[in-house]
Amino acid sequence: MNNDESTVSNFIHDIIDADLASGKRTEVVTRFPPEPNGYLHIGHAKAICLDFGTAAKYGGRCHLRFDDTNPEAEDEEYVSAIKEDVKWLGFDWGEHLYWASDYFDTMYEYAVRLINKGKAYVCDLPQEEFKNYRGIPTEPGTEPPGRNRSIEENMALFEKMKNGEFADGACVLRAKIDMASPNLHMRDPALYRIKRATHHNTGDTWCIYPMYDFAHCIEDSIEGVTHSMCTLEFEVHRPLYDWILQTLEVFQPQQIEFSRLNLTYTVMSKRKLLELVKEKLVNGWNAPRMPTICGMRRRGFTAEAIRKLCGLVGCTKFESITEVELLESCVRDDLNENSLRAMAVVDPLKVVIENYPADLVEEFEVPNHPQKEEAGKRTIPFSRELWIEHDDYMDEAPNKFKGFTIGREVRLRGAYLATCTEVIKDATGNPIELRCTYDPDTKGGSAPDGRKVKSTIHWVSAKHAVDAEVRLYERLFTVENPLGDKEKDFKEFLNPESLEVITAKLEPALTKAQPGDRFQFERVGYFCADLDTTAEAPVFNRTFTLRSARM
RNA sequence: UGCCGAAUGGUGUAACGGUAGCACUAGCGACUCUGACUCGCUUAGUCUAGGUUCGAAUCCUAGUUCGGCAACCA
């Protein structure tokens, strides 16, 4: 199914190839480990494609595992959304759905094992005070009091932590590693904290919860993950990942870091996206302007296109920022191939064909896809009064211009050749109506005498047109990297023109569109019927314009 | 000033000591009943300085620049 990822080569696959060749590994097991504290975005899509794609390439398996170690931040709401998004992207975890919370018992046992080995201790220093002992990057830390408590004492203390005999935050379990380590993460990191919060899976069974560094490597180890891919910021955590597993003497997966996906003109941080949602700067997580999977889906992006992008951007350790144009290209590529054509006018200008009978209605058959015969044809009604795009008329048109100008013959797509004879303007000189004549001999759009017209424009019969709400989207931000200016809040760069709502004139067949149906409105762009659409009140989202420079 | 990591056209990536290639973008042109699609062409790159080698993007040395790390977040 998904060959997008499995065909590309990258440094991670080089590592796996070597591991398989040397016999270090005999199978490939990966995992996608989201924390259910927000919605998935296109950056996660890269990780999902990498995790599932790598497993598929090597005939292994990929687990979907929710990293639910912090009940304060997590919510069931996100779990179903994440599952839906992964599925929609085209990946299947089969029976391999896991939870960090599945392993809370084991993690507790492992913590006890560390204490027994003299490798962990209970630290009752207030958080703020421990900072002083940890030191700063350029100077070593110092050993905090209590670090050399006896094993028995630590066992008793940890037991009490578990049993709820201490207040939240009163103490933590720490790994006993090296307060002078040049790597801050090795200066006795916290393993367990006390937090009285109801967990969505385990309820109130626990009042202590494991920290990421302790939990994640154990989750990987228990599941037999061979290659644990994560983003670059975890690079400095790797020594700790390895230390915990080695000290525990359990199966040791290999953590491999790669750079996250960044796109121009948007932000990819869950926290920042949450800010936009909370401050109602966008209409929810699935707002079509959001880089979330659900937002992009609602806007009309296909899973195919997103997977294509994830394959094209590759996978390296270089912190890059990919031009959003590459995404646009992937989307257009897929939509051009797979979406049916329709005619719609987004900025209507009335056209009256003076020599066309007032009460006549003709029906024309037009293809649904220019390159695909099998897509079939549909009929569209034609009558004396039409809507065309406002910018398909110009007073003094340059030669390259494709629309009407007085005296120039233009093809009305699939119908007739027509010539504009007169333009009616309002007081400000803005055209409000065109008067035209048509050539009855050009029915269907071609002239029997073989004369050429250089332009074809789209139109909708005024009598039959259906009004629709159309939401036009542009880039969410006005600058390539909204987070790039440390002096300014990223929200200052929000693009006020990123959403424009207009009323468009649709050809009548479009009222049959169901939410999610995608079309190319010819010469205008790709559009997707919104969740809100109904036959009575159609609503369409513009996914992208066509690649073009209309005048 | 500590530790970890990364530098190849505008952007993203490939080349694993042997012709620096691909995609996107941009520009030009052809075709066209969509200014779409398709097709053709063009601009443009190995961070710097030394070294090893017949030969270096690739190996070595020294710099430079950029990113990450001091939650009881993940």
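Here is the naming used below: chain letters follow the sequence lines, and residue numbers restart at 1 for every chain.
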Visitor: Mind checking the P distance from U32(B) to A36(B)? Whole angstroms is fine.
Guide: 13 Å
Visitor: With heavy atoms under 4.0 Å as the rule, sort E35(A) into base, sugar-phosphate or nothing.
Guide: sugar-phosphate
Visitor: Does the side chain of E323(A) come under 3.5 Å of the side chain of Y265(A) through a donor N or O and an acceptor N or O?
Guide: no
Visitor: Is there a donor on the side chain of H458(A) or the base of A36(B) sitting less than 3.5 Å from an acceptor on the other?
Guide: no
Visitor: What's the closest nucleotide to the side chain of Q371(A) if the choices are U32(B), U8(B), A36(B)?
Guide: A36(B)
Visitor: Could you check whether I321(A) gets within reach of a base, just the sugar-phosphate, or nothing at all, counting any heavy atom under 4.0 Å?
Guide: sugar-phosphate
Visitor: How is D213(A) classified with respect to the nucleic acid when contacts are heavy atoms under 4.0 Å: base, sugar-phosphate, or nothing?
Guide: nothing
Visitor: Which of the following nucleotides, A36(B), A74(B), A70(B), is nearest to the side chain of R134(A)?
Guide: A70(B)
Visitor: Any side-chain N or O of T322(A) less than 4.0 Å from the OP1 or OP2 oxygen of C24(B)?
Guide: no
Visitor: Is the gap between the ring centers of F158(A) and Y108(A) under 6.0 Å?
Guide: yes
Visitor: Touch check for H185(A), heavy atoms < 4.0 angstrom, all strands: base, sugar-phosphate only, or nothing?
Guide: sugar-phosphate
Visitor: Please determine, for U32(B), whether a Watson-Crick or G-U wobble partner exists with both distances under 3.5 Å, and give it or none.
Guide: none
Visitor: Any idea which of U34(B), A70(B), G12(B) is nearest the I136(A) side chain?
Guide: A70(B)
Visitor: Which part of the nucleic acid does K270(A) contact within heavy-atom distance under 4.0 Å: base, sugar-phosphate only, or nothing?
Guide: nothing
Visitor: Roughly how many Å is it from NZ in K454(A) to C1' in G35(B), rounded to a whole number?
Guide: 12 Å
Visitor: Starting at CD1 of I457(A), measure out to CD of E522(A) and round the result to the nearest 0.5 Å.
Guide: 12.5 Å
Visitor: Report, as yes or no, whether the 6.0 Å neighbourhood of atom CD on E373(A) holds more than 12 heavy atoms from other residues, nucleotides or ligands.
Guide: no
Visitor: With sugar-phosphate meaning primed atoms plus P, OP1 and OP2, does E257(A) contact a base, only sugar-phosphate, or nothing at under 4.0 Å between heavy atoms?
Guide: nothing
Visitor: Rounded to whole Å, how long is the line connecting atom CD of E507(A) with atom C1' of U34(B)?
Guide: 13 Å
Visitor: Report the distance from atom CG of L240(A) to atom P of A71(B), rounded to the nearest whole Å.
Guide: 14 Å
Visitor: Under 4.0 angstrom, heavy atoms only, what part of the nucleic acid is Y212(A) near: base, sugar-phosphate, or nothing?
Guide: base
Visitor: For C66(B), what is the paired nucleotide under Watson-Crick or G-U wobble rules, both distances under 3.5 Å?
Guide: G5(B)
Visitor: Both distances below 3.5 Å, Watson-Crick or wobble geometry, any strand: find the nucleotide opposite G18(B).
Guide: C54(B)
Visitor: Does the structure place the NZ or CZ of R332(A) under 6.0 Å from the centre of the six-membered ring of F544(A), at an angle of no more than 45° from the ring's axis?
Guide: yes
Visitor: Without decimals, in angstroms, what is the distance between K195(A) NZ and A71(B) P?
Guide: 14 Å
Visitor: Using side chain to side chain donor-acceptor pair (under 3.5 Å) as the criterion, point out the one residue from T202(A), D68(A), T69(A) that pairs with S101(A).
Guide: D68(A)
Visitor: How would you label the contact of V172(A) with the nucleic acid (heavy atoms, under 4.0 Å): base, sugar-phosphate, or nothing?
Guide: base
Visitor: Side chain of M211(A) only, please: which of G2(B), C73(B), G35(B) is the nearest?
Guide: C73(B)
Visitor: Under 4.0 Å, counting only non-hydrogen atoms across every strand here, what does A190(A) touch: a base, just sugar-phosphate, or nothing?
Guide: sugar-phosphate
Visitor: Any sub-3.5 Å donor-acceptor pair from T442(A)'s side-chain atoms to G445(A)'s backbone N or O?
Guide: no
Visitor: Only one of R174(A), R147(A), R149(A) clears salt bridge (charged side-chain N to carboxylate O under 4.0 Å, His left out) with D124(A); which?
Guide: R149(A)
Visitor: Please compare T442(A) and V313(A) by the position of their nearest nucleotide in RNA chain B and report the one closer to 5'.
Guide: V313(A)
Visitor: Please tell me if R238(A) has a side-chain N or O lying less than 4.0 Å from either OP1 or OP2 of G5(B).
Guide: no
Visitor: I'd like to know whether the aromatic ring centres of F382(A) and Y416(A) sit less than 6.0 Å apart in this structure.
Guide: yes
Visitor: Students often get this wrong, so: under 4.0 angstrom with heavy atoms, is T316(A) touching a base, only sugar-phosphate, or nothing?
Guide: sugar-phosphate
Visitor: Which nucleotide in the list A71(B), G2(B), G12(B) gets nearest to the side chain of K131(A)?
Guide: A71(B)
Visitor: Identify which nucleotide among A6(B), U1(B), A71(B) has an atom closest to any side-chain atom of K317(A), counting heavy atoms from C-beta outward.
Guide: A6(B)
Visitor: Have a look at S455(A) and say if it touches a base, only the backbone sugar-phosphate, or nothing, with a 4.0 Å heavy-atom cut-off.
Guide: nothing
Visitor: Please check the phosphate of U32(B) (OP1 and OP2 only) for any side-chain N or O of K452(A) closer than 4.0 Å.
Guide: no
Visitor: Report the nucleotide, chosen from A74(B), G2(B), A36(B), that has the shortest atom-to-atom distance to any side-chain atom of Y526(A).
Guide: A36(B)
Visitor: If the sugar-phosphate is the primed atoms plus P, OP1 and OP2 and the base is the rest, what is the B/S/- string for nucleotides 25-31 of chain B, using protein heavy atoms under 4.0 Å?
Guide: S------
Visitor: So, applying ring pair (Phe, Tyr, Trp, His ring centres under 6.0 Å) with F521(A), which one of Y526(A), F527(A), W459(A) is it?
Guide: F527(A)
Visitor: So does N183(A) reach the base of C69(B) with its side chain, donor to acceptor, closer than 3.5 Å?
Guide: no
Visitor: Quickly work out the R341(A) CZ to U32(B) C1' distance and round it to whole Å.
Guide: 14 Å
Visitor: Can you tell me how far P in U61(B) sits from the matching atom in A6(B), rounded to whole Å?
Guide: 15 Å
Visitor: Scan F130(A) against the nucleic acid and name what it touches under 4.0 Å (heavy atoms): base, sugar-phosphate only, or nothing.
Guide: nothing
Visitor: Donor-acceptor pair, R193(A) side chain versus P210(A) backbone, under 3.5 Å?
Guide: yes
Visitor: For residues H216(A) and D67(A), is any side-chain donor paired with an opposing acceptor at under 3.5 Å?
Guide: yes
Visitor: Please tell me which of the listed nucleotides, U34(B), A74(B), A23(B), lies nearest to the side chain of F234(A)?
Guide: A74(B)
Visitor: Nearest nucleotide by nearest heavy atom, which residue falls closer to the 5' end of RNA chain B, R411(A) or D14(A)?
Guide: D14(A)
Visitor: To the nearest Å, how far apart are H237(A) NE2 and C3(B) C1'?
Guide: 13 Å
Visitor: Among A70(B), U34(B), A6(B), which nucleotide sits nearest the side chain of L184(A)?
Guide: A70(B)
Visitor: Taking the C1' atom of each, how far is G9(B) from A15(B), in whole Å?
Guide: 15 Å
Visitor: With the 90 degree cut-off around zero defining syn, does A30(B) come out syn or anti?
Guide: anti
Visitor: Mind calculating the distance between CD1 (I457(A)) and C1' (U32(B)) to the nearest angstrom?
Guide: 17 Å
Visitor: With sugar-phosphate meaning primed atoms plus P, OP1 and OP2, does L125(A) contact a base, only sugar-phosphate, or nothing at under 4.0 Å between heavy atoms?
Guide: base
Visitor: Using the P atoms only, state how far U8(B) lies from U58(B), rounded to an integer number of Å.
Guide: 13 Å
